Novice: 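My structure is below; once you've seen it, I'll send some questions.
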Number of protein chains: 2
Amino acid sequence: MSSDPIGFTAHDHTHCVKSALAAAQAVCIQRGVQMTPVRLRTLEIMLEEHAAMGAYDVLARLNAEGLGSKPPVAYRALGFLVDQGFVHRIERLNAFIACAHPEDAHNPAFMICRSCGTVAEAQAQSGTFVQSAAQTGFQIEQTVIEAEGLCPSCQPQVQP
Amino acid sequence: MSSDPIGFTAHDHTHCVKSALAAAQAVCIQRGVQMTPVRLRTLEIMLEEHAAMGAYDVLARLNAEGLGSKPPVAYRALGFLVDQGFVHRIERLNAFIACAHPEDAHNPAFMICRSCGTVAEAQAQSGTFVQSAAQTGFQIEQTVIEAEGLCPSCQPQVQP
DNA sequence: GGGGTGTATGTTATAACATAACGGGATGCG
DNA sequence: CGCATCCCGTTATGTTATAACATACACCCC
Ligand SMILES: [Zn+2]
Ligand SMILES: [Zn+2]
Ligand SMILES: [Zn+2]
Ligand SMILES: [Zn+2]
């Protein structure tokens, strides 16, 4: 049983990988899309790592297991997982991360620590930005909400 | 006198380039930083174009005028302009765009039309996302707010 | 079984984006 | 002058992403 950080708080992590994989497979069956070995293993890697990974990092892991060595292999698997909502893309980092709560559809938002690189997923709420977009007649299909800063662990301590 | 789209509405555009350049130069003097020829011309290009441009697009324009042909020239000039707030980076597009209202410091937000590529700049307001970030103790330094969708001109018309 | 269709993979090559590192010229200052 | 700093130019390389083409396989229909 491992205890790894998710978000910025520690949590038991071993079982959630397995359950997330099982849930994803169930969703794929329900949607009539295929969770193939490469896609499944890619998702498993993302879940185990539980951190932002570049496509080439993922590719290296896949390659080490004989599942493909060329960029399109990783990009296609990641593209599928992003389309299905199991993985999110972090534009700011040109990287990917497993969804922290894939239960239901959502607009993700991220907090990226510039010091330790940890990425936490939150919910994006519709603020005045979305309202003003609607006012101008712009039809939003997708939003990118990413905040960069310092996570609690990386902030300078006030009292020594 | 030209009339080009800014945001999603037409507007007179000729004079605002000159005034924005003058304003930027004044700000540089005030801050004690140098608005050099390469930087100035880069900003002018961004203002004239008034659209998201890749660094290599900018570089091509600079090169055509003998102002530099190698990537670092463009990236350095753009980096300076971004640091000073005259230009914003669009993460989603790996591109840059001149600030639409550089008068005062602000957190920009963007609406990106996936059909025609137009990018409009809006103001990012602190919504519940920022609040929840504060709750978790995350200290935000910078935000990326980008919406992708269809601009008014590119939406399918309801009535023929 | 043969033939058509669609999806997923594998592979090559290249496009597109970005930076490290070095050297040189201008400027300012003690 | 000697030195620091900033800006610029260039070489080389690193990093991220996709176009384009070929192959494999499952599936359905006849
Ligand atoms: Zn998510
Ligand atoms: Zn941190
Ligand atoms: Zn702006
Ligand atoms: Zn449009």
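Residue numbering restarts at 1 for every chain, and letters A, B, ... go by the order of the sequence lines. The figures that follow rest on heavy atoms only: side chains count, while hydrogens, waters and symmetry mates do not. Remember, predicted model here, so these are calculated numbers, not experimental data.
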Novice: Salt-bridged, B:R61 to B:E48, with N to O below 4.0 Å?
Specialist: yes
Novice: Looking only at the side chain of B:Y56 (C-beta and beyond, no hydrogens), which of the listed nucleotides C:dC17, D:dA17, C:dG10 gets closest?
Specialist: C:dC17
Novice: To the nearest Å, give me how far apart CZ (A:R31) and C1' (C:dT7) are.
Specialist: 18 Å
Novice: Go nucleotide by nucleotide along DNA chain D from the 5' end; which of B:S69 and B:V33 gets its closest nucleotide reached first?
Specialist: B:V33
Novice: Closer to the 5' end of DNA chain C via nearest nucleotide, is it A:P71 or A:F80?
Specialist: A:F80
Novice: Take atom CG of B:D57 and atom P of C:dC17, then tell me their distance rounded to the nearest Å.
Specialist: 7 Å
Novice: Send over the distance from B:M35 CE to D:dC7 P, rounded to a whole Å.
Specialist: 12 Å
Novice: Whole angstrom is fine here: how far is it from CG in B:N94 over to P in D:dA17?
Specialist: 7 Å
Novice: The criterion is side-chain hydrogen bond (donor to acceptor under 3.5 Å, both in side chains); which residues satisfy it with B:E65, sequence neighbours excluded?
Specialist: B:R41
Novice: From CD of B:Q34 over to P of D:dC7, roughly how many Å is that when rounded to an integer?
Specialist: 5 Å
Novice: So, is B:Y75 close to the C:dA18 phosphate, meaning a side-chain N or O under 4.0 Å from OP1 or OP2?
Specialist: yes
Novice: Out of C:dA8, C:dT9, D:dC7, which has the shortest distance to the side chain of A:V38?
Specialist: C:dT9
Novice: Does a side-chain N or O of B:R89 approach OP1 or OP2 of C:dA18 to a distance below 4.0 Å, or not?
Specialist: yes
Novice: Could you tell me how far apart B:R76 (CZ) and C:dA20 (P) are, to the nearest whole angstrom?
Specialist: 11 Å
Novice: Which whole-number value in Å describes the distance from B:F96 CZ to C:dA16 P?
Specialist: 16 Å
Novice: State whether A:R39 places a side-chain N or O below 4.0 Å from either non-bridging phosphate oxygen (OP1 or OP2) of C:dA8.
Specialist: yes
Novice: So B:H106 and B:Q123, side-chain hydrogen bond (donor to acceptor under 3.5 Å, both in side chains) or not? Walk me through it.
Specialist: CA-CA 7 Å; B:H106 57 282; B:Q123 294 285 350; 5.0 Å; no
Novice: Which distance, rounded to the nearest 0.5 Å, do you find between the CG of B:L62 and the NZ of B:K70?
Specialist: 13.5 Å
Novice: Whole Å only: how far is the NZ atom of B:K70 from the P atom of C:dC17?
Specialist: 19 Å
Novice: Closest approach to the side chain of B:T36, judged atom by atom: which nucleotide of D:dT10, D:dC7, C:dA18 is it?
Specialist: D:dC7
Novice: Give one of base, sugar-phosphate or nothing for B:L67, where a contact means two heavy atoms less than 4.0 Å apart.
Specialist: sugar-phosphate
Novice: Using atom types as modelled and distance alone, determine if a side-chain donor or acceptor of A:R39 lies under 3.5 Å from a backbone N or O of A:Q34.
Specialist: yes
